[in-house]
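Below you'll find the structure, written out as structure tokens, and then a few comments.
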Amino acid sequence: MMKFCSYCGGSLANKVPYGDDRLRAICSNCSEVHYENPKIIVCALSVWEDKVLLCKRAIEPQLGLWTLPGGFMELNETMQQAAARETWEEAGTQIKVGELFSAFNVLSYEQVHLFFLATMKSSHYLAGPESLEVCLVGEEQIPWDQIAFPAVAVTLQEFFKARTTGNYQVRLADITRGLDNTPNICSHNFTHDYF
């Protein structure tokens with residue numbers, strides 16, 4: 001939560017601006033409205049032959065658990081560039097980024113997670129500073145009980161189903177937290193009326 005204006009240094013107060021419908025941080029000095037928006041996490045589901053690339057996390061959150069390479073999107077880069085950069089940083093391999101495969105609204109963390117299909121340009125990979133290990137694994141070798149994030153687990157499950165059915169339509173879901181703080185995944189179809 002911001003406390004001071006990034007334009008003039010004045011203190012911020014939470015108010016509903018004229019014409020808006022929610023609280024925003026507004027500068028008490030220059031009246032600048034500071035919008036807070038979800039963070040975008042971009043990941044790559046990278047394939048070499050019939051195997052997928054996994055990284056064991058060397059950082060929190062979920063230190064020591066397995067994930068797909070990914071991270072926060074940077075300014076001035078596309079989603080595809082972010083997926084390729086994160087894969088290079090975490091797994092030391094270059095990829096050709098393909099289509100969007102899954103997208104998750106992670107409401108409790110104010111994030112959006114995007115997963116792109118990708119093909120590795122070679123079988124070479126190397127653990128980067130944020131990874132303890134990197135490996136290529138087949139479906140039967142996935143350490144399901146050691147996957148770091150719900151969106152990664154669902155994306156992997158859906159990917160292996162898609163390889164069987166040929167249905168690569170984009171998957172869309174919400175991840176919320178239950179009363180016991182465990183993640184709940186609510187699947188969507190594409191016929192919902194939102195307004």
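Computation of the quantities below employed the complete heavy-atom set of this structure, encompassing side-chain atoms and omitting hydrogens, waters and symmetry-equivalent molecules.
Under the 4.5 Å side-chain contact rule for hydrophobic residues, Val137 and Phe115 share a cluster. Val170 and Val97 fall within the same hydrophobic cluster, where Ile, Leu, Val, Met, Phe, Trp and Tyr residues are linked whenever their side-chain heavy atoms come under 4.5 Å apart, directly or through other members. One hydrophobic cluster, built from ILVMFWY side chains closer than 4.5 Å, holds both Phe149 and Ile147. Taken together through direct or relayed side-chain contacts under 4.5 Å among Ile, Leu, Val, Met, Phe, Trp and Tyr, Val152 and Trp144 form part of one hydrophobic cluster. Each of Trp88 and Leu114 belongs to its own hydrophobic cluster when Ile, Leu, Val, Met, Phe, Trp and Tyr are linked at side-chain heavy-atom distances under 4.5 angstrom.
Separating the CZ atom in Phe116 from the CE atom in Met79 is a distance of 4.5 Å, to the nearest 0.5 Å. For the atom pair Leu54 CG and Arg57 CZ, the distance stands at 13.0 Å (nearest 0.5 Å). Within the model, atoms CE of Met120 and OH of Tyr125 stand 7.5 Å from one another, a figure rounded to the nearest 0.5 Å. For the atom pair CG (Asp174) and CG (Asn105), the distance works out to 4.5 Å, reported to the nearest 0.5 Å. Taking CG from Leu68 and CG from Leu156, the interatomic distance works out to 4.5 Å, rounded to the nearest 0.5 Å. Summarising the geometry, atom CD belonging to Glu158 is positioned 11.5 Å from atom CG belonging to Leu45; distances are rounded to the nearest 0.5 Å.
When every heavy atom of Thr67 is checked against every heavy atom of Ala148, the shortest pair comes out as CB-CB, 4.3 Å. The two atoms that bring Cys55 and Glu90 nearest to each other are SG-O, 4.0 Å, heavy atoms only. Shown here for Gln81 and Thr78, the closest heavy-atom pair between the two residues is OE1-N, 2.8 Å. For the pair Ile26 and Ser31, the tightest heavy-atom approach, listed with the atom from each and the gap, is CG2-O, 3.9 Å. Considering all non-hydrogen atoms of both residues, Glu89 and Pro129 come closest at O-CD, 3.8 Å. Met73 and Ala82 make their closest contact through CG-CB, 4.0 Å (heavy atoms, listed as atom of the first residue, atom of the second, distance).
Looking at Cys5 and Leu12, their side chains come closer than 4.5 Å, going by heavy atoms from C-beta outward. Residues Arg85 and Glu74 form a side-chain contact, since some pair of their non-hydrogen atoms from C-beta on lies under 4.5 Å apart. Looking at heavy atoms from C-beta onward, Cys43 lies out of side-chain contact with His113 at the 4.5 angstrom threshold. The shortest side-chain heavy-atom distance between Gln111 and Phe104 does not fall under the 4.5 Å cut-off. Within the 4.5 Å cutoff, side-chain heavy atoms of Val52 are placed close to those of Phe160. Side chains of Asp20 and Tyr35 form a contact here, defined as non-hydrogen atoms less than 4.5 Å apart. With a 4.5 Å cut-off on side-chain heavy atoms, Lys39 and Tyr109 do not count as touching. Annotation: side chain of Thr87 is in contact with side chain of Thr93 (closest heavy-atom distance under 4.5 Å).
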side-chain contact (heavy atoms from CB on, under 4.5 Å) between Ser108 and Thr176, intermediate numbers included: CA-CA 6 Å; Ser108 56; Thr176 60; over 6 Å; no

Trp66 vs Ile142, side-chain contact (heavy atoms from CB on, under 4.5 Å): CA-CA, chis, key distance, verdict: CA-CA 9 Å; Trp66 292 93; Ile142 301 283; over 6 Å; no

Pair Ser122-Gln94, side-chain contact (heavy atoms from CB on, under 4.5 Å): steps then yes or no: CA-CA 7 Å; Ser122 77; Gln94 293 184 342; over 6 Å; no

Audit row: Ser102, Phe159, side-chain contact (heavy atoms from CB on, under 4.5 Å) steps and yes/no: CA-CA 9 Å; Ser102 61; Phe159 172 71; over 6 Å; no

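When the shell of 6.0 Å around CD of Glu77 is examined, it contains more than 12 heavy atoms from other residues, nucleotides or ligands. No more than 12 heavy-atom neighbours from other residues, nucleotides or ligands sit within 6.0 angstrom of CD on Glu110.
Remark: side-chain polar atoms of Ser46 are not paired, donor with acceptor, to backbone N or O of Ala118 under 3.5 angstrom. Of the possible donor and acceptor atoms, none in the side chain of Glu99 sits under 3.5 Å from a partner among the backbone N and O of Leu117.
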